[in-house]
Structure formats: C-alpha cells, structure tokens
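Nothing fancy with the numbering, it's 1 onward along the sequence.
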Amino acid sequence: MNHTILVVFLLICTNTVLIFCQLVVNVRNKGGDTIVEKILSNVTEDTVILEFLGSDGMFVTQFIDFKSEMQIFRMYVPGEEELGQSQPQALCFITRFMRSDLISSDAMSKLRQKNPTAVRTPEEEKEMVTYTLDLTVNVEKADLITPYTFNICSEAKDSSYTQEVDLKTISKSLAKDYVSLISATSELPPYKFPRCRELPIVSKPCTCELRTCIGWYPCGLKYCHGTDSSGKVVSYRCGIKTCKRCVAFVYVVNSKFKCLWDS
C-alpha cells in the first residue's frame, strides 16, 4: 500500500518539463493534535494533491483535477486488529469540484512559507458538505470521469463511489458523453438500505457514513489596492484566505463489518 504519494517529489518548486511545488503545513485540530498536511501543485497537469495522516490513523488524499472539474478523496481506514482486520480499508469517493472552493494550481505553486515550523489555524470554517454516493465506479473504465481514477483508486476497485448528479453536471459543462460516463458505474442508492448502526446482522448490506476534515487549505486570494508609477489605483494579490471544511460521505457497503466506525 502506497502512503507516500507526495514524498517522491521535491520539497521545492521545479521548473523543468513539469512544474511541481509542494507545501508542508502544520495544522492544529480541535483535539489539540498537530496534523501535517502536504499540498502538491502540478501546474502542467492543472492538479492539486492535499494529503495528511489524521489523529485517528486514517490517511486521506484529496486529489483535485481542475480540467475535469472532479476531485477524488481516497481514504485508508485502519482496520480493527482485534477483529481480524490486519489491513486498512481503501475507499475512493469521486465528486464534482467547484473551482471557487480552492485557489488555482498556478496560484498554489507560488505559495511560500516564511516559517515552516509554525502551526497554522484557518481563518474560516466552512459548512460541512455531505455527499450521497449512489453509484459504484468501475475504476478501469472511469477515465472519462477523470483520467486519474485508476492510478489513485486501484486499491479500491470494489469500494469506489460517485454521484449521478455530478456526472450529469460535468457532461453538460464539459460536453462529455453522459452515456459513456454512466457506463463506468453501477447504481447502488443508499436510500434502499438501512443505516449500518441500525442493522443487527453484520453480513447484510447497509448504508455507511464516513467523515473527515480538511483542517487548512487556501480557499481564496486576497487583493490589496495601491497606485502604480502614474498614480493610477491598481489591485494586486497580497495573500491568501484559508479555510477548514469537513465532509461526510454516505454510501453502501456489502457488510456492516466494513463500517464499524458508524455502528
């Protein structure tokens, strides 16, 4: 299992064939723990990766594909060893991405830290977003959704999910063939199954909920006003706005045993 997707890149920006830039940020969560976030921007591919190891042991990767207007949340949930779960559970949630939620990959690549050891806190806490994932994804056929699906979700072939409403939206906004998009999925609506916490039989399918919080991310640019050499008032970028957002994923598992945290 690969938990070092960012480590293979340089800790500084490189301007060769591709442009990479990585930012490492220390973030304090509500429990008082310091979480180390790594943010990688790839300007050429127009992608951003944010990842961290949570205090609960869950390893989270948020992959943002600006071109496809989609994002992938990949989670490695640690197993319950006392129940025989020696390996973590890999999950992928593929959802639409709103460009207004994050600064561009180019702007991200220009971020620098004056004090890399400082512990950061976000300026604003956004409202929680709940994704109800009613489709399972065949990761080997989902290139049209985002071409990065297979590489990121290869360990979650039986546990990758998306929303039909998101596929309909990107089929219109990006002129993608909806039939091709939906052909990489199978319907599995959560409303047809009871919540896992309400199900007494462990072996039955049920609706699970998994939550995580992105404790710090650049959610917008700040602009200042000044004058140029001719005295004309001009606007220029002078910083970033930072936010926190928690997300919840609601989806179907084939056994309550795969949703023990929500029991």
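Between the CG atom of Leu144 and the CG atom of Asp177 there is a distance of 7.5 Å, given to the nearest 0.5 Å. Remark: Lys256 NZ to Lys204 NZ distance equals 13.5 Å, nearest 0.5 Å. Rounded to the nearest 0.5 Å, atoms CG (Leu167) and CZ (Arg96) are 11.5 Å apart. In this structure, CD in Glu164 is found 10.5 Å from OG1 in Thr169, a value given to the nearest 0.5 Å. Here the straight-line distance linking atom CG of Asp134 with atom NZ of Lys192 works out to 10.5 Å at 0.5 Å rounding. Between Asp65 atom CG and Ile145 atom CD1 the span is 11.5 Å, to the nearest 0.5 Å.
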### Query
Could you go step by step and tell me if Cys92 and Val139 meet the side chain to side chain contact (heavy atoms under 4.5 Å, CB included) rule?
CA-CA 10 Å; Cys92 268; Val139 299; 6.0 Å; no

### Message
Test salt bridge (Lys or Arg N to Asp or Glu O under 4.0 Å) on Lys222 and Glu123; report intermediate values, then the result.
### Response
CA-CA 12 Å; Lys222 292 181 179 179; Glu123 300 170 64; 2.9 Å; yes

### Message
Go through it in stages, so that I can follow the logic: the residues are Val27 and Lys244, the test is side chain to side chain contact (heavy atoms under 4.5 Å, CB included), and I'd like the CA-CA distance, side-chain angles, deciding distance and then a yes or no.
### Response
CA-CA 10 Å; Val27 184; Lys244 170 186 177 181; over 6 Å; no

### Query
Yes or no on side chain to side chain contact (heavy atoms under 4.5 Å, CB included) for Leu111 and Met108, after CA distance, side-chain angles and deciding distance?
CA-CA 6 Å; Leu111 296 184; Met108 190 78 76; 3.7 Å; yes

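Closest of all the heavy-atom pairs between Cys243 and Pro122 is C-CB, 3.5 Å. Residues Tyr236 and Gly226 approach most closely at CE2-N, 3.9 Å, considering heavy atoms. Residues Gly57 and Pro78 come closest through the heavy atom pair O-CD, 3.5 Å. When all heavy atoms of Gly231 and Thr227 are compared, the pair lying nearest together is O-CG2, 3.8 Å. Taking each heavy atom of Ala90 and Glu155 in turn, the nearest pair found is CB-O, 3.4 Å. Across all non-hydrogen atoms, the minimal contact from Thr149 to Ala142 is OG1-O, 3.4 Å.
Within a 6.0 Å sphere centred on NZ of Lys258, heavy atoms belonging to other residues, nucleotides or ligands number 12 at most. Within 6.0 Å of the CG atom in Asn115, the count of heavy atoms belonging to other residues, nucleotides or ligands exceeds 12.
Looking at heavy atoms from C-beta onward, Arg245 lies in side-chain contact with Asp101 at the 4.5 angstrom threshold. Within the 4.5 Å cutoff, the side chain of Thr212 has heavy atoms near those of the Met75 side chain. You'll find the side chain of Leu135 reaches within 4.5 Å of the side chain of Glu187, heavy atoms only. In this structure the side chain of Arg211 reaches within 4.5 angstrom of the side chain of Met128, judged on heavy atoms. Using a 4.5 Å heavy-atom threshold, the side chains of Leu102 and Leu50 count as separate. No side-chain heavy atom of Ser105 sits under 4.5 Å from any side-chain heavy atom of Thr47. Annotation: side chain of Cys213 is not in contact with side chain of Asn29 (no heavy-atom distance under 4.5 Å). For the pair Thr61/Ile152, no side-chain contact is recorded, criterion being any heavy-atom separation below 4.5 Å from C-beta on.
Between Asp106 and Ser104, the side chains place no donor N or O within less than 3.5 Å of an acceptor N or O (distance only, hydrogens not considered). Counted by atom type alone, Tyr217 and Gln62 present zero donor-acceptor pairs between their side chains at under 3.5 Å. Side-chain contact, Gln89 with Ser159: no donor N or O sits under 3.5 Å from an acceptor N or O.
Of the options Phe73, Phe63, Phe66, a ring pair (Phe, Tyr, Trp, His ring centres under 6.0 Å) to Phe97 is made by Phe66 and by none of the others.
Both Tyr223 and Ile240 sit in one connected hydrophobic cluster of ILVMFWY residues. Membership requires side-chain heavy atoms under 4.5 Å apart, directly or through other members. A chain of hydrophobic side-chain contacts below 4.5 Å, direct or via other Ile, Leu, Val, Met, Phe, Trp or Tyr residues, connects Ile39 to Leu221. Both Ile64 and Val60 are part of a single hydrophobic cluster, where members link through side-chain heavy atoms under 4.5 Å apart. The hydrophobic clustering, which links ILVMFWY residues whose side-chain heavy atoms are closer than 4.5 Å, places Leu188 and Leu181 apart. No continuous path of hydrophobic side-chain contacts links Val202 to Val252 [ILVMFWY only; heavy atoms under 4.5 Å].
Look at Glu125 and Lys30 and you find a salt bridge, because one of the NZ, NE, NH1 or NH2 atoms lies within 4.0 Å of a carboxylate O, short of that distance. Between Arg197 and Glu209 there is no salt bridge, since no side-chain N of the basic residue sits under 4.0 Å from a carboxylate O of the acidic one.
When the SG-SG distance for Cys196 and Cys259 is compared with the 2.5 Å cut-off, it comes out at or above that value.
Leu133 meets the side-chain contact (heavy atoms from CB on, under 4.5 Å) test with Phe93, Thr95, Tyr131, Tyr161, Gln163, Phe249, Tyr251; sequence neighbours excluded.
Checking side-chain atoms of Ser160 against main-chain N and O of Val137 turns up no donor-acceptor pair under 3.5 Å. The backbone N or O of Trp216 sits nowhere less than 3.5 Å from a side-chain atom of Thr242 that would complete a donor-acceptor pair. No donor-acceptor distance shorter than 3.5 angstrom exists from the side chain of Ser68 to the backbone of Met70, with no hydrogens or angles considered. Here the side chain of Thr207 pairs a donor or acceptor atom with the backbone of Phe193 at under 3.5 angstrom.
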